[in-house]
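This report concerns only the one structure given below.
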Amino acid sequence: MSSDSKLGLPDAIQACLFDLDGVLTETAKVHSAAWKEMFDAFLKARAKETNEPFAPFDEIADYDAFVDGKPRADGTRSFLESRGIDLPEGVTDDATSARTVCGLGNAKNEIVLRRIREDGVEAFPGSLRYVKAVRTAGLRRAVVSSSANCAAVLEAAGIADLFEVRIDGVNVETDHLAGKPAPDTFLAGARALGVAPDYTAVFEDALSGVEAGRAGRFGYVVGVDRVGQTEALRAHGADVVVTDLAELLEQTLAPDETCEPAN
Ligand SMILES: [Mg+2]
């Protein structure tokens, strides 16, 4: 199989679905810091009440294993479960002080919005170059994110107009889509662009995200390694792993990295 040496993708690819946080923008660290601030406050208060030692949220291990890439409520539930903590679900507009899955999620979101407001958002320069090259090559482009703040982050980073379609945490809620690692949000993105999954590439930095790419049988899954988890990204479904999207611009695919077996 030949490949498009300009974009580092198989020739058949006609559309690209980009995750937002960690792929296009440097918001993954904003999110992991916000999860930590929220969970540590909760765990500290709980440790005091139960007289058990306080074991903080691990910004890397817990973030990667339980919350990265997932919708807010799923991430909250998943981490609590890992600690054997069972909280009521609550309702979506629970106060940030409520001890419910929704309340904790809302507290985390308030922290994210505060940090974005105070610190701003940067697009990765290599990602910006790559998406522009994809546009120039005439491929279709969508952002597919679990984040309910996707539109605000795209605007803050000044990259909203590079994409034709946005599927985000708001769609997850209103259209009842299953979050990553289910492929539903990526499939919705491909559908909105009018391109079949076989001809679509997925770009993801989260283990749950590359897993969603594999589950949706997309034509090509690009893992973006920002934290040194190349092997895990491959194991969860990435066809190729790069540390910066701009690497793909210089790269010609090795035969074992194409989506078809080498002949
Ligand atoms: Mg991500």
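Just follow the structure's listing: the first ligand is 1, and inside any ligand the first atom is 1.
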Report, as yes or no, whether the 6.0 Å neighbourhood of atom CD on Glu81 holds more than 12 heavy atoms from other residues, nucleotides or ligands.
no

Relative to each other, are the rings of Phe18 and Phe203 parallel, tilted or perpendicular (30° and 60° limits)?
parallel

Does a donor on one side chain and an acceptor on the other come within less than 3.5 Å for Lys108 and Thr76?
no

Does the Lys NZ or Arg CZ of Arg226 fall within the cation-pi geometry relative to Phe124 - under 6.0 Å from the ring centre and within 45° of the axis?
yes

Sum of protein N, O or S atoms, each under 2.8 Å from the Mg ion (ligand 1):
3

Residues that Ala192 engages under side-chain contact (heavy atoms from CB on, under 4.5 Å), provided they are two or more places apart:
Val165

Would you indicate whether Glu164, at its atom CD, is surrounded by more than 12 heavy atoms from other residues, nucleotides or ligands within a distance under 6.0 Å?
yes

